[in-house]
Amino acid sequence: PPSLRPCHYSEWRHPHQQAAAAAAAAAEEAAAMAEVPAAEVSQAEKDELFCAYAAMILQDEGMDISEDNINTLIKAAGGSIEAFFPALFAKMCAGKDIESMLKFG
């Protein structure tokens with residue numbers, strides 16, 4: 001299980017809440033930088049992006065990239081996707097060195 005970061009009691013959040021907040025912030029920042037308005041992005045592309053961002057957050061937090069964890073993050077961020085995407089994405093990531101894929105340079 002992930003370690004809980006020490007902080008003031010009133011600021012404590014579960015790791016999934018921390019990750020969801022990070023996902024929401026990343027999505028907001030990405031929306032500001034996107035060349036295509038969010039309304040013009042297809043649902044399939046949004047589903048893929050949700051899964052990709054969730055996988056990166058889970059990797060960064062040292063958590064398993066599993067169907068359940070991907071679903072939990074997406075729901076916590078207020079998103080909804082086709083049911084098959086999280087399972088497909090988790091299987092695609094299984095056994096891969098995700099850490100090395102996320103390094104630049």
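Treat the numbers as computed from the prediction; the structure is a model and nothing was measured. Residue numbers run from 1 in the order of the sequence given.
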(message) Tell me the closest heavy-atom pair linking Pro86 and Asn71, and the distance in Å.
(response) CG-OD1, 3.2 Å
(message) If you compare all heavy atoms of Ser66 against all heavy atoms of Ala90, which two are closest, and at what distance to 0.1 Å?
(response) C-CB, 3.8 Å
(request) Could you grab the distance from atom OG of Ser42 to atom CD of Glu48, nearest 0.5 Å is fine? (result) 7.5 Å
(request) Measure the CD-CE distance between Glu61 and Met56 for me, rounded to the nearest 0.5 Å. (result) 13.5 Å
(message) Rounded at 0.5 Å granularity, tell me how far CD in Glu67 sits from SG in Cys93.
(response) 12.5 Å
(message) How long is the straight-line distance from CD1 of Ile57 back to CG of Asp60, given to the nearest 0.5 Å?
(response) 8.5 Å
(message) Is the shortest side-chain heavy-atom distance between Lys46 and Ile81 below 4.5 Å?
(response) no
(request) Would you mind telling me which of Asp47, Ile74, Ile70 makes a side chain to side chain contact (heavy atoms under 4.5 Å, CB included) with Phe85? (result) Asp47
(message) I'd like to know if the side chain of Glu40 reaches the main chain of Pro37, judged simply by a donor and an acceptor atom lying under 3.5 Å from each other, with no hydrogens or angles considered.
(response) no
